[in-house]
Amino acid sequence: MDKQFESSNFIHEEIDRDLVKYPGLKIHTRFPPEPSGFFHIGHVKAISLNFATAEKYGGLCNLRMDDTNPILEKKEYVDAIQRDIKWLGFTWHERVFYASEYFDQCFEYALKLIDEGNAFVCDLNADELREYRGTLTEPGKNSPYRERTPEENRRLFLGMKDGLYEDGTRTLRARIDMKSGNINMRDPVIYRIMHKEHSHTGNKWVIYPMYDYAHPIQDAIEGITHSLCDVGFEDHRPLYEWVLEKTGYGEFPKQREFARLNITHTITSKRKLRDIVEAGKVAGWDDPRIPTIAGLRRRGYTPSSLLAFIDKVGVAKTYSVVDMALLEFCIRDELNKSACRVMAVLDPVKVVITNYDAGMTEELLAENNPEDPEAGSRIVPFSRELYIERDDFMIDPPRKFFRLSPGNEVRLKNAYFITCTDFNIDDSGSVTEIRCTYDPLSKGGNSPDGRKVKGTLHWVSAKHALDAEIRLYDRLTQYATPSEYPENSNATDLVNPDSLLIINDAKLEPSLLSAKAGDRFQFMRNGYFCCDPDTKGDKIVFNRIVPLRDTWAKISDNGVKND
RNA sequence: UGGGAUGUAGCCAAGUCGGUAAGGCAACGGACUUUGACUCCGUCAUUCGUAGGUUCGAGUCCUGCCAUCCCAGCCA
């Protein structure tokens with residue numbers, strides 16, 4: 001973690017100034033998720049910013065379950081949240097806070113607001129409240145209950161607390177300014193009546209504080225110095241500061257806002273993701289196509305690659321959509337250094353080495369990772385019948401194709417030079433078998449006479465091959481950004497129908513027999529793959545994390561085939 | 001005639017007191033290569049939303065304009 005998030009940003013710069021002004025100030029942040037859903041990549045940015053900022057300044061970050069609304073929060077999410085943060089590598093030192101633990105103080109402060117004429121009990125119902133609030137361009141009107149005396153307000157508020165009134169019949173409102181251009185300041189509701197059991201406080205309360213009122217108080221009580229949230233709360237800052245002022249707090253905590261994370265070709269809206277999952281368009285909250293932390297984890301992304309990504313994106317206030325290519329770069333960059341290379345043929349076609357002994361098997365040495373000598377080497381069996389990638393053979397190749405074709409010689413990685421002498425096709429014209437001869441002197445992949453070949457292919461010995469299911473994932477949505485979404489589309493329409501392609505008959509080299517769920521490899525010339533938890537007994541399943549960069553695909557797509 | 005925020009390359013994003021546009025991704029050339037991968041080298045903003053102004057000098061200061069995003073939950 002120490003290397004992560006070294007880069008500075010406008011928030012760190014402000015903290016640096018705060019530190020000059022208040023030497024010895026203990027920087028204290030907080031991460032306040034509402035336990036009402038699963039985390040996605042957007043949360044990683046908030047988690048990273050809050051925890052890494054505290055770490056950078058030698059302070060602490062409080063994990064705080066923001067449970068002020070009992071109808072939304074569920075206990076099961078509390079565990080998922082902790083698991084995800086831990087997986088990312090951050091620690092809250094076993095200090096888990098709950099917003100609900102401050103309900104007593106929130107209540108006391110509400111009494112103080114009432115006594116000082118800064119809050120009143122309002123009998124308007126929801127519809128009336130909306131009417132009185134005004135619109136974006138017209139000011140609101142004062143509630144007819146706005147001038148109640150502190151004594152009456154206190155009596156009524158105590159009555160609310162004691163459960164004397166029905167849900168929705170009364171609220172406690174801050175007494176600020178109905179004419180404010182900022183709608184959040186038009187006497188916002190700070191307490192509502194909800195006869196609902198709370199997952200943490202049980203039946204102790206029937207009134208619950210609103211986020212805007214409770215949050216600054218929680219921050220203040222915990223000694224938070226910097227309360228970082230997304231720009232959606234920028235308009236709420238005056239209210240945050242109003243609450244702190246009226247309850248008697250000073251310059252800290254201070255709320256600062258940063259832009260939320262958006263990525264091309266995927267969806268980071270909590271609501272849209274839920275729609276997609278509930279409609280069964282993906283297999284669940286951990287489907288490797290969706291950018292939930294659980295999904296990314298199952299896809300094969302590492303915590304460090306996610307954090308590296310967040311760091312490269314930076315922190316600013318501008319609305320932005322980051323190119324998915326950057327996320328892919330981060331995982332490739334990491335796995336290039338750490339993943340062992342293995343050979344796997346995804347779309348197999350048989351090759352017969354006609355001058356190779358039918359009963360013979362050779363054990364060839366293969367380097368595990370050219371980027372890491374420490375990774376050592378392994379044995380790969382070679383025999384007369386092999387599989388290669390269907391794409392690696394063409395009957396009538398274009399000029400720049402330097403893989404296998406009739407009469408052409410290529411190298412089999414770690415094995416021999418082979419030359420195609422013949423091939424068979426079926427009625428539909430597709431190749432059923434390729435026949436080659438090999439050069440026995442080229443064992444290991446070099447010819448003693450020094451002749452060169454332009455192509456090197458990966459391969460798997462047919463009789464030693466492992467059968468496997470491979471899941472090829474592609475972008476969740478074909479639309480790069482929300483601005484490209486079709487008019488009136490719902491979330492389920494956005495899912496790319498080709499986002500998952502399942503291959504049932506892939507052939508793997510036998511060393512992969514020992515692969516366990518979560519293990520990551522580079523399937524040479526194909527991409528990075530992660531062993532899926534569905535792998536059980538003799539069923540082997542791999543997920544493609546990301547393909548390798550493919551320059552040839554670009555060249556051939558540009559029409560070289562017609563040369 | 002509401003309020004708030006933001007505009008620097010295809011995408012992110014640095015740009016301190018005004019001193020002559022960092023870095024990353026992508027893209028494009030080339031070298032290397034037993035992965036068409038990796039690595040390496042090179043190219044990629046006469047211009048900072050726009051129009052004026054101040055100044056020897058403006059992305060940075062001033063004024064006007066334009067564009068985009070957010071806000072009318074008893075959600076967070």
Side-chain angles (χ1 to χ4, degrees), chain A residues 7-9 13 32-34 36 66 68-69 71-73 99 122 124-126 129-130 133-140 167-173 179-186 188-194 207-208 210-212 214-215 229-238 257 259 264 270 309 311-330 332-333 336-337 341 343 366-367 370-371 400-403 411-415 417 444-446 453-458 480-481 522-527 547-556:
Chain A
S7 34
S8 192
N9 56 59
E13 281 166 15
E34 181 186 37
S36 64
D66 206 348
T68 53
N69 185 342
I71 70 168
L72 293 175
E73 294 118 19
C122 183
L124 257 23
N125 66 31
L129 197 62
R130 191 178 317 114
R133 185 156 37 227
T135 68
L136 292 179
T137 52
E138 303 158 37
D167 287 10
T169 55
R170 287 189 224 269
T171 56
L172 183 70
R173 294 224 263 160
K179 292 186 289 300
S180 173
N182 182 348
I183 290 182
N184 296 299
M185 299 299 270
R186 317 238 265 229
V189 171
I190 59 177
Y191 261 99
R192 72 287 217 190
I193 302 170
M194 295 173 112
I207 56 170
Y208 292 95
M210 298 285 288
Y211 167 89
D212 281 326
H215 207 80
C229 61
D230 82 75
V231 290
F233 290 95
E234 209 154 16
D235 301 341
H236 298 243
R237 191 150 116 194
E257 312 82 10
T264 62
K270 192 168 166 178
F309 169 70
D311 190 43
K312 283 181 188 299
V313 166
V315 180
K317 296 183 73 165
T318 323
Y319 172 85
S320 64
V321 185
V322 179
D323 196 332
M324 177 62 92
L326 182 60
L327 214 208
E328 296 181 338
F329 166 81
C330 290
R332 282 195 193 106
D333 193 43
N336 174 51
K337 297 172 198 122
R341 274 61 171 169
M343 295 194 284
E367 189 179 21
E371 304 288 324
K400 286 181 183 164
F401 184 87
F402 46 82
R403 278 116 94 143
R411 170 170 42 232
L412 294 178
K413 176 82 182 174
N414 294 126
F417 283 10
N446 278 309
V453 289
K454 282 169 98 177
T456 299
L457 312 184
H458 60 282
T481 70
Q522 185 197 92
F523 286 2
M524 264 199 268
R525 301 208 306 134
N526 267 315
L548 252 30
R549 275 190 64 212
D550 189 352
T551 308
W552 168 246
K554 277 180 207 162
I555 296 169
S556 56

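Letters A, B, ... mirror the listed sequences (proteins, then strands); counts begin at 1. Just the heavy atoms: all of them, side chains too, but no hydrogens, waters or symmetry mates, feed the values below.
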Q) What are the two closest heavy atoms between A:Glu73 and A:Thr68, and how far apart are they? A) OE2-N, 3.5 Å

Q | Inter-nucleotide C1' distance (B:C69, B:G52), Å rounded | A | 27 Å

Q: Return the value, rounded to whole Å, for the distance between atom CG of A:Leu129 and atom P of B:C75.
A: 11 Å

(Q) B:A76, OP1 or OP2 - any side-chain N/O from A:Thr68 closer than 4.0 Å? (A) yes

(Q) Could you tell me how far B:C40 sits from B:G23 if I compare only their P atoms? Round to whole Å. (A) 15 Å

**Q.** Donor-acceptor pair, side chain of A:Asn184 and main chain of A:Asp235, under 3.5 angstrom
**A.** yes

**Q.** Side chain of A:Lys413 - closest among B:U35, B:C25, B:C74
**A.** B:U35

Q.
Please report the distance, rounded to the nearest Å, between NE2 in A:His236 and P in B:G3.
A. 17 Å

Q) With a 4.0 Å cut-off on heavy atoms, is A:Pro370 in touch with a base, just the backbone sugar-phosphate, or nothing at all? A) base

Q.
How close do A:Phe329 and A:Lys312 get, counting heavy atoms only, and between which atoms?
A. CE2-CE, 3.9 Å

Q: Determine the contact category for A:Ile190: base if any of its heavy atoms lies under 4.0 Å from a base atom, sugar-phosphate if only primed atoms, P, OP1 or OP2 are that close, otherwise nothing.
A: nothing

Q: Tell me which of A:Leu72 and A:Arg186 sits closer to the 5' end of RNA chain B, going by the nucleotide each one is nearest to.
A: A:Arg186

Q.
Counting only side-chain heavy atoms from C-beta out, which of B:U35, B:G2, B:A26 sits nearest to A:Arg525?
A. B:U35

Q. Do side-chain atoms of A:Thr135 reach the backbone of A:Thr137 as a donor and acceptor pair under 3.5 angstrom?
A. yes

Q | Between B:C74 (P) and A:Met194 (CE): distance, integer Å | A | 11 Å

Q. Checking all strands, does A:Met185 fall into the base, sugar-phosphate, or nothing category for heavy-atom contacts under 4.0 angstrom?
A. nothing

Q: Rounded to the nearest angstrom, tell me the gap between atom CD in A:Gln522 and atom C1' in B:U35.
A: 6 Å

Q: Could you pick out which residue, A:Gly232 or A:Phe523, lies toward the 5' side of RNA chain B when each is mapped onto its nearest nucleotide?
A: A:Phe523

Q. Quantified in whole Å, what is the P atom distance between nucleotide B:U60 and nucleotide B:U54?
A. 15 Å

Q.
Whether A:Arg192 contacts B:C75 is assessed here as follows: a side-chain N or O lying under 4.0 Å from the phosphate OP1 or OP2. Is that the case?
A. yes

Q | Heavy-atom side-chain contact between A:Leu129 and A:Arg133 under 4.5 Å | A | yes

Q. Can you check whether A:Ile193 reaches A:Thr169 side chain to side chain, under 4.5 Å on heavy atoms?
A. yes

**Q.** Distance, C1' atom - from B:G53 to B:G18, rounded to whole angstrom
**A.** 15 Å

Q: Using whole Å, report how far CD of A:Glu257 lies from P of B:A5.
A: 10 Å

Q: Determine the minimum heavy-atom distance between A:Arg411 and A:Gly445, stating which atoms define it.
A: NH1-O, 2.8 Å

Q) Roughly, in whole Å, what's the span from CG in A:Asp212 to P in B:G4? A) 18 Å

Q: Using atom types as modelled and distance alone, determine if a side-chain donor or acceptor of A:Arg186 lies under 3.5 Å from a backbone N or O of A:Ser180.
A: yes

Q) Checking all strands, does A:His458 fall into the base, sugar-phosphate, or nothing category for heavy-atom contacts under 4.0 angstrom? A) nothing

Q: Please state how far atom NZ in A:Lys554 lies from atom C1' in B:A37, giving the value in whole angstrom units.
A: 12 Å

Q. Should stems be defined as at least three consecutive Watson-Crick or G-U pairs with both distances under 3.5 angstrom, which of them involve RNA chain B?
A. B:2-7 with B:66-71, B:10-12 with B:23-25, B:27-31 with B:39-43, B:49-53 with B:61-65

Q: Could you check whether A:Asn446 gets within reach of a base, just the sugar-phosphate, or nothing at all, counting any heavy atom under 4.0 Å?
A: base

Q | Shortest non-hydrogen contact between A:Met210 and A:Tyr191, atoms and distance | A | CG-N, 4.2 Å

Q: Quick one: classify the glycosidic conformation of B:G73 as syn or anti, with syn meaning within 90° of 0.
A: syn

Q) Which value, in whole Å, describes the distance between the P atoms of nucleotides B:A26 and B:A67? A) 35 Å

Q: Report yes or no: do A:Arg192 and A:Thr171 form a side-chain donor-acceptor pair below 3.5 Å?
A: no

Q: Would you check if there is a donor-acceptor pair between the side chains of A:Lys400 and A:Ser556 at a distance under 3.5 Å?
A: no

Q.
To check you understand the geometry: which heavy-atom pair defines the closest contact between A:Asn336 and A:Glu371, and what is its length?
A. O-CG, 3.3 Å

Q | Test: A:Arg237 and A:Glu257 ion pair at under 4.0 Å | A | yes

(Q) Within the 4.0 Å heavy-atom criterion, would you say A:Phe402 contacts the bases, only the backbone, or no part of the nucleic acid? (A) base

**Q.** Gap in Å between the two P atoms, one belonging to B:A22 and one to B:G42, rounded
**A.** 15 Å

Under 3.5 Å between N/O atoms: give me all the protein pairs with nucleotides 12-18 of chain B, atom names plus distance.
from	atom 1	to	atom 2	distance (Å)
B:C12	OP1	A:Val321	N	3.1
B:C12	O5'	A:Val321	O	3.4
B:C12	O2'	A:Val313	O	2.8
B:A14	OP1	A:Val315	O	3.3
B:G15	OP1	A:Glu13	OE2	2.6

Q) What nucleic acid atoms does A:Phe233 come within less than 4.0 Å of, heavy atoms only: base, sugar-phosphate, or nothing? A) base

(Q) Does B:G73 have OP1 or OP2 under 4.0 Å away from a side-chain N or O of A:Arg133? (A) yes

Q. A:Leu327 CG to B:C11 P: how many Å, rounded?
A. 18 Å

Q | Gap in Å between the two C1' atoms, one belonging to B:C12 and one to B:A72, rounded | A | 33 Å

Q | Distance test, side-chain N/O of A:Arg130 to OP1/OP2 of B:G73, below 4.0 Å | A | yes

Q | Which atom of A:His458 lies closest to which atom of A:Asn526, heavy atoms considered | A | NE2-ND2, 3.6 Å

Q | Footprint string (nucleotides 38-45 of chain B, 5' to 3'): B base within contact, S backbone only, - free, heavy atoms under 4.0 Å | A | B-------

(Q) Any donor-acceptor pair, under 3.5 Å, between the side chain of A:Asp235 and the base of B:G3, if you only look at N and O atoms? (A) yes

(Q) If stacking means aromatic ring centre less than 5.5 angstrom from the base's six-membered ring centre, planes under 30°, is A:Trp552 stacked on B:G36? (A) yes

Q) What's the spacing between A:Phe417 CZ and A:Thr456 OG1 if we round to 0.5 Å? A) 8.0 Å

**Q.** Rounded distance in Å between the P positions of B:G73 and B:C65
**A.** 31 Å

